[in-house]
Structure formats: structure tokens, C-alpha cells
Number of protein chains: 2
Amino acid sequence: MLSPLTLRLQAFTKLSVADREAIDRVSRSSVRQVAARQDIAREGDRPRAVNLILEGWACRYKSLPDGRRQIVSLFIPGDLCDANVLILKEMDHYIGAITAVRLAEIGREQLEALTLDHPRITQALWWDALVTTSVQREWTLNVGQRDAYERISHLLVEMFLRLRAVGLTTGNTCPFPLTQTDLADATGLTAVHVNRTLQDLRRDGLIALERRTLTIPDLPRLKNAAMFNDNYLHLDHEGAHLDAND
Amino acid sequence: MLSPLTLRLQAFTKLSVADREAIDRVSRSSVRQVAARQDIAREGDRPRAVNLILEGWACRYKSLPDGRRQIVSLFIPGDLCDANVLILKEMDHYIGAITAVRLAEIGREQLEALTLDHPRITQALWWDALVTTSVQREWTLNVGQRDAYERISHLLVEMFLRLRAVGLTTGNTCPFPLTQTDLADATGLTAVHVNRTLQDLRRDGLIALERRTLTIPDLPRLKNAAMFNDNYLHLDHEGAHLDAND
DNA sequence: CGGGTAATTGACCCGGGTCAACAGCAGTGG
DNA sequence: CCACTGCTGTTGACCCGGGTCAATTACCCG
């Protein structure tokens with residue numbers, strides 16, 4: 001049973017036993033529990049640590065002075081919410097817990113030790129950072145060009161695939177704790193319209209979504225509706241040439 | 001006269017003479033000229049080099065199967081269009097020239113040599129990558145939450161500030177080579193609506209824009225209209241503690 | 001001067017927003 | 001066990017920001 005972070009990084013490269021143990025050690029170091037709907041970090045804070053999500057869902061969000069709010073990223077177990085990798089002086093966004101969250105705070109020294117001793121992990125963390133940015137670009141496309149039906153479909157497919165990559169799906173089902181208001185904030189729609197669009201998706205047999213559980217009866221069909229191209233997730237084991245030989 | 005990249009990185013940290021010379025050397029290594037409106041890199045390509053823009057404007061864009069197109073980033077002199085820093089296997093987006101562009105292709109070996117010998121540059125490149133991602137998040141917010149008037153204002157302010165940081169403004173004026181169609185693709189609006197909104201901005205005395213030249217008579221007022229918060233550009237010399245001591 | 005790209009305008013329409021009421025359900029305390 | 005509270009989801013009526021379509025009008029460049 002591998003940790004979610006290990007599973008995630010292995011989408012890029014196979015890690016050695018020593019690599020995996022190092023990750024496990026770091027994951028157990030400084031664990032923090034955050035209640036649902038609480039902020040994990042605030043805009044204006046000085047970044048203190050990289051947060052590794054161990055359990056639960058979180059998000060990155062930004063807001064405008066008049067209260068409009070945009071969720072710009074979602075985090076699931078195995079995701080690093082790089083609090084800007086300790087280079088930037090000040091957070092320019094919030095990180096908030098959606099469900100109750102268990103996370104590991106990885107300090108600067110630990111991170112440096114980890115990367116110094118484990119070049120494959122360093123590479124894998126780079127991969128992780130690049131993929132995160134790539135996802136952010138896809139979100140810009142999503143919000144900028146897709147209509148409501150495509151946009152919500154796209155988000156659902158993305159989360160399903162990301163959850164599957166860390167072993168958190170069961171068949172064609174996965175947990176989906178976002179409220180319709182959250183979905184609205186993530187897609188740039190209103191909660192009312194999200195509600196109506198979800199009903200359309202259900203009517204068309206593309207999804208079932210109830211009690212915070214999402215079922216996708218026919219993934220290719222939903223992908224199609226979303227114009228989903230998974231190249232931006234870079235899940236195809238691209239660092240194979242670096243694989244540990246054990 | 002410092003190169004745009006040096007100027008840009010100095011927003012983060014002061015570089016030593018040796019650092020600057022190393023950057024200059026790399027900037028002169030493998031220079032390529034691309035005509036306006038040509039692609040610099042294509043989706044599906046294997047990334048070959050990091051492209052450093054020396055002159056002209058370029059953009060990163062993604063498109064949907066039915067032709068809808070989203071410009072997700074703009075590049076000006078001094079910007080690195082990391083072609084995924086050579087870790088990812090395949091480009092998930094296009095890079096296109098807006099004007100004629102002169103760029104330097106920085107290969108893997110050169111990049112490694114540069115960072116190995118110049119730790120301050122390594123830090124500065126990290127800063128650059130983080131800021132790029134931060135800008136991407138702000139674009140998601142922009143397209144997701146701001147209305148047309150705010151959205152276009154925001155883009156204009158951002159580009160003005162970025163140009164100013166690399167010495168390419170003159171007073172309250174800067175070059176602005178985007179067509180209204182480009183602006184539309186970058187903001188998720190239609191060209192028709194961009195046209196009408198620009199007229200509103202002109203009527204309100206917030207901008208003058210003609211012959212590819214932008215003038216901002218009252219920057220604070222335009223910032224205000226855009227709900228612009230420049231924290232996401234991280235231009236405040238945050239790596240001061242690393243400054244070269246010469 | 002001709003041809004092509006970019007900007008502009010008008011008429012009309014629609015996806016999605018707004019407002020407001022209400023229903024379902026979980027948790028909480030008595 | 002029940003009443004209360006508050007969040008989440010749902011629905012209807014109506015409206016508006018921005019899209020669509022199509023026709024002109026600059027403008028640029030060879």
C-alpha cells in the first residue's frame with residue numbers, strides 16, 4: 001500500500017525503495033488536521049511550508065474586493081500545495097479545506113534534504129510542478145471557452161482521472177465532496193446554473209451525483225461531451241528512462 | 001544596458017557581474033527569428049529547448065477541436081517560454097509569435113551549466129517559474145469572475161507593468177501589438193465585444209489605444225477599474241537576502 | 001491602385017445571471 | 001424524540017451581458 005504522493009509521482013517515474021521510504025518519512029513528519037471549511041493558508045501570509053495533502057480535499061482560491069470568488073485549483077490526497085516553495089515572500093491566494101483535511105507540512109530543510117539525497121524525487125517534484133501549471137492553463141481554457149455543460153463535464157472528468165491515479169476510485173465511482181456552490185466558484189458559473197446543468201448531465205445519463213458520490217457510467221462519452229484531451233495531465237509515465245532499477 | 005531577462009530577474013534578486021555575463025552569453029547562443037503569426041512550437045511536439053524571448057511578443061495558446069481558441073499566456077522580451085523545461089514528453093499547447101520575434105533557444109546542457117555554476121540564477125529561475133504560475137492563476141480569476149470591462153482593463157494593466165519591469169515603457173505609454181481578435185482570445189470574449197468595450201474604456205478616459213500603442217493617462221484609476229492587485233506579480237525584490245555583494 | 005487584414009456598426013438573440021421562495025436534511029440542544 | 005437552525009439543493013419568472021451575423025469602413029503594404 002503506497003502513499004498517495006508515491007502513487008502520484010510514479011505516474012512519472014518508478015521510485016526505488018529508498019525513495020519511497022524517504023517520502024513516507026516526510027509524510028509522517030509534521031501532520032496537521034484542519035476542519036472542513038477552514039483556511040489552511042491565507043493571502044498575505046508568509047509561506048512556511050509545502051503542504052502535502054494526506055486525506056481529504058482542499059482548494060486554492062482567490063477573491064475580488066467585492067466578494068466574487070474563484071477556486072483556481074483543487075487538491076486531493078497526494079497533491080502538494082506548494083506554498084510557493086518558500087521562495088516567494090507572500091501568499092497571493094488562499095488555501096482552504098473543503099472537507100476535513102489531514103496534511104503534512106514539509107519544511108524547507110526537509111525538502112532540501114529530500115531532494116539532495118534523492119535525485120529521482122527531485123525530478124519527480126519538478127514534474128509535479130510542471131503538471132500543476134499545465135492544469136492551471138487547462139482551467140483557463142475551460143473557463144474561457146467552454147460552455148456550462150462542457151465546463152462542468154470537464155471538471156468532473158479531470159477529478160475522476162486524478163483520483164484514479166492515486167487509487168481513490170472504485171470502478172466508475174469516486175467521492176465528490178464539492179457542493180454546487182463550490183462547483184460554481186470553480187467554473188465561474190452561478191450555483192443556480194450549476195444546479196440546472198447537473199440536471200441536464202443526469203438526464204443525459206452522463207453522470208450520477210448524490211450524497212457526495214460521483215458515478216460516471218460511460219467515461220468516454222463524458223470525455224467527449226467535455227472535449228476532454230488528457231495530454232495536459234501528463235500521466236503517461238514520461239520519466240521511464242530514470243526508473244529505479246529494482 | 002541590461003538584457004530584458006537580467007532586468008526581469010533583478011525584480012527578484014540582484015545578480016553579480018558574472019551572473020549577468022553568463023546570462024548574456026546564453027542569450028546570444030542560439031538565436032532564432034520567427035515571423036509574425038508563425039508558430040514557435042506546436043502541440044504534440046517534443047520539447048527541445050527553453051525559449052527566451054529577446055524581442056517581440058508571443059503567446060501560449062490552446063484550442064478545442066471545433067476551433068475555439070484561448071490564449072493562456074502572453075510573452076514579452078525577457079520572458080522564458082519554458083518548453084516544459086525538458087521534463088515533459090510532449091507539448092500540450094502551442095507557442096505562437098504575435099509580432100516578429102527574436103528568441104534564444106537554451107538547450108538542456110546550457111541550462112544545466114548555467115544553474116550549476118550560478119546558484120543565484122537558479123533561485124531566480126525558480127522565482128520566474130513560480131511567478132509565471134501565479135500569473136496563470138490570476139488569468140483564471142480574470143476570465144472566471146471579472147466582466148468584460150474589468151477583464152480587459154486588467155490585461156492592459158498587467159502588460160503595462162510587466163513591460164515597465166523590463167524597461168519597455170516610455171512614460172505612460174507602451175507598445176501593444178495585440179489585435180482585437182487576440183484580445184478576444186486572451187479574455188474569452190468575442191472580437192465584437194472587445195471592440196465595444198475598448199470604446200467604453202476610451203470614452204471613460206482610461207486608455208488611448210491606437211496604432212499598436214497603448215497610453216494609460218491615469219494608472220491608478222485603470223487599476224481601480226480592473227480591481228487590480230499587483231501582489232501576484234511578486235515584483236518587490238523578494239530575494240534581497242541573496243543579493244550579490246558587488 | 002488593389003487586396004487583405006483589422007476595426008467598427010447595427011439588429012437581433014440566447015446562455016446564463018438575478019431574485020426569491022421553498023424543500024430536504026443533518027446536526028444540536030433540550 | 002422533537003423543535004430549531006442552517007446549509008444545500010431545487011424551481012420559477014424575469015432580465016441582461018455578451019454572442020451572432022452581416023455589412024461596411026479604415027488601414028496597411030506591395
Side-chain angles (χ1 to χ4, degrees), chain A residues 35-38 57 64 66-71 96-100 142-156 175-203 207-214 225, chain B residues 35-38 57 64 66-71 96-100 142-156 175-203 207-214 225:
Chain A
R37 304 288 154 191
Q38 299 304 301
W57 288 38
L64 295 177
D66 62 2
R68 279 174 283 176
R69 183 176 113 109
Q70 177 73 38
I71 294 180
I98 289 176
T99 64
N142 202 31
V143 171
Q145 299 297 329
R146 281 188 256 254
D147 68 23
Y149 193 89
E150 299 163 337
R151 210 182 291 182
I152 293 178
S153 305
H154 192 276
L155 183 69
L156 299 180
F176 197 84
L178 296 195
T179 65
Q180 294 183 0
T181 305
D182 294 332
L183 262 174
D185 288 345
T187 53
L189 301 165
T190 56
V192 171
H193 200 64
V194 165
N195 181 288
R196 292 182 169 131
T197 307
L198 284 175
Q199 291 179 45
D200 292 344
L201 286 166
R202 286 191 269 247
R203 182 173 330 118
I207 63 161
L209 175 55
E210 42 179 9
R211 299 164 182 287
R212 312 277 111 115
T213 299
L214 170 66
Chain B
R37 303 289 155 191
Q38 299 304 302
W57 287 39
L64 294 177
D66 62 1
R68 280 174 283 176
R69 181 176 114 110
Q70 177 74 36
I71 294 180
I98 289 176
T99 63
N142 202 32
V143 171
Q145 299 297 329
R146 282 187 256 252
D147 67 23
Y149 192 90
E150 299 163 338
R151 210 182 289 182
I152 293 178
S153 305
H154 193 277
L155 183 70
L156 298 180
F176 197 84
L178 294 197
T179 65
Q180 293 182 1
T181 305
D182 294 331
L183 261 173
D185 288 346
T187 53
L189 301 165
T190 55
V192 172
H193 200 63
V194 165
N195 181 289
R196 292 182 168 128
T197 307
L198 285 176
Q199 291 180 44
D200 292 343
L201 287 166
R202 285 192 268 248
R203 181 171 331 115
I207 62 162
L209 175 55
E210 41 180 9
R211 300 165 180 285
R212 313 276 113 114
T213 299
L214 170 67

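The sequence lines fix the lettering, A, B, ..., with proteins before strands; numbering per chain opens at 1.
Contact between the side-chain N/O atoms of B:R202 and the OP1/OP2 oxygens of C:dA7 is not found at any separation under 4.0 Å.
Residues satisfying the salt bridge (Lys or Arg N to Asp or Glu O under 4.0 Å) criterion with B:R146, sequence neighbours excluded, are B:E138. Taking B:A36 as the reference, nothing meets the side-chain contact (heavy atoms from CB on, under 4.5 Å) condition, with sequence neighbours excluded. Applying the side-chain contact (heavy atoms from CB on, under 4.5 Å) rule to B:R37 yields the partners B:I98, B:T179, B:D182; only residues at least two apart in sequence or on another chain are considered. Residues satisfying the ring-ring contact (aromatic ring centres under 6.0 Å, His included) criterion with B:F176, sequence neighbours excluded, are B:W57. Here B:D200 pairs with B:R203 under the salt bridge (Lys or Arg N to Asp or Glu O under 4.0 Å) rule; sequence neighbours left out.
Contact check of residues 182-198 of chain B against DNA chain C (heavy atom, cut-off under 4.0 Å) returns B:V192, B:N195, B:R196.
Contacts of B:R212 with the nucleic acid, taken as non-hydrogen atoms under 4.0 Å apart, involve only primed sugar atoms and P, OP1 or OP2. Using a 4.0 Å heavy-atom distance criterion, B:R211 is classed as a sugar-phosphate-only contact.
Within the 4.5 Å cutoff, no side-chain heavy atoms of B:I71 are placed close to those of B:L178.
Rounded to 10°, the helix from C:dC1-D:dG30 to C:dG30-D:dC1 has 50° between the axis fitted to its first five pairs and the one fitted to its last five.
Legend: side chain to side chain donor-acceptor pair (under 3.5 Å) pairs involving residues 183-195 of chain B, not counting sequence neighbours, sorted by first then second residue: B:R69-B:D185, B:Q180-B:N195, B:N195-B:Q199.
Between the C1' atom of C:dT8 and the CG atom of B:L209 lies a distance of 14 Å, rounded to the nearest Å. Atom pair B:E210:CD and C:dA6:C1' shows a separation of 15 Å (rounding to whole Å applied).
Once rounded to the nearest 0.5 Å, the distance linking CG of B:L64 with CD of A:E150 reads 7.0 Å. Distance CD1/B:I152 to CG/B:L189: 5.5 Å, rounded to 0.5 Å.
On the nucleic acid side, DNA chain D has its first and last nucleotide under 4.0 Å of a heavy atom of chain A at D:dT8 to D:dA13, going 5' to 3'.
Listed for the A:Q70 side chain is a donor-acceptor partner under 3.5 Å among the backbone atoms of A:A186.
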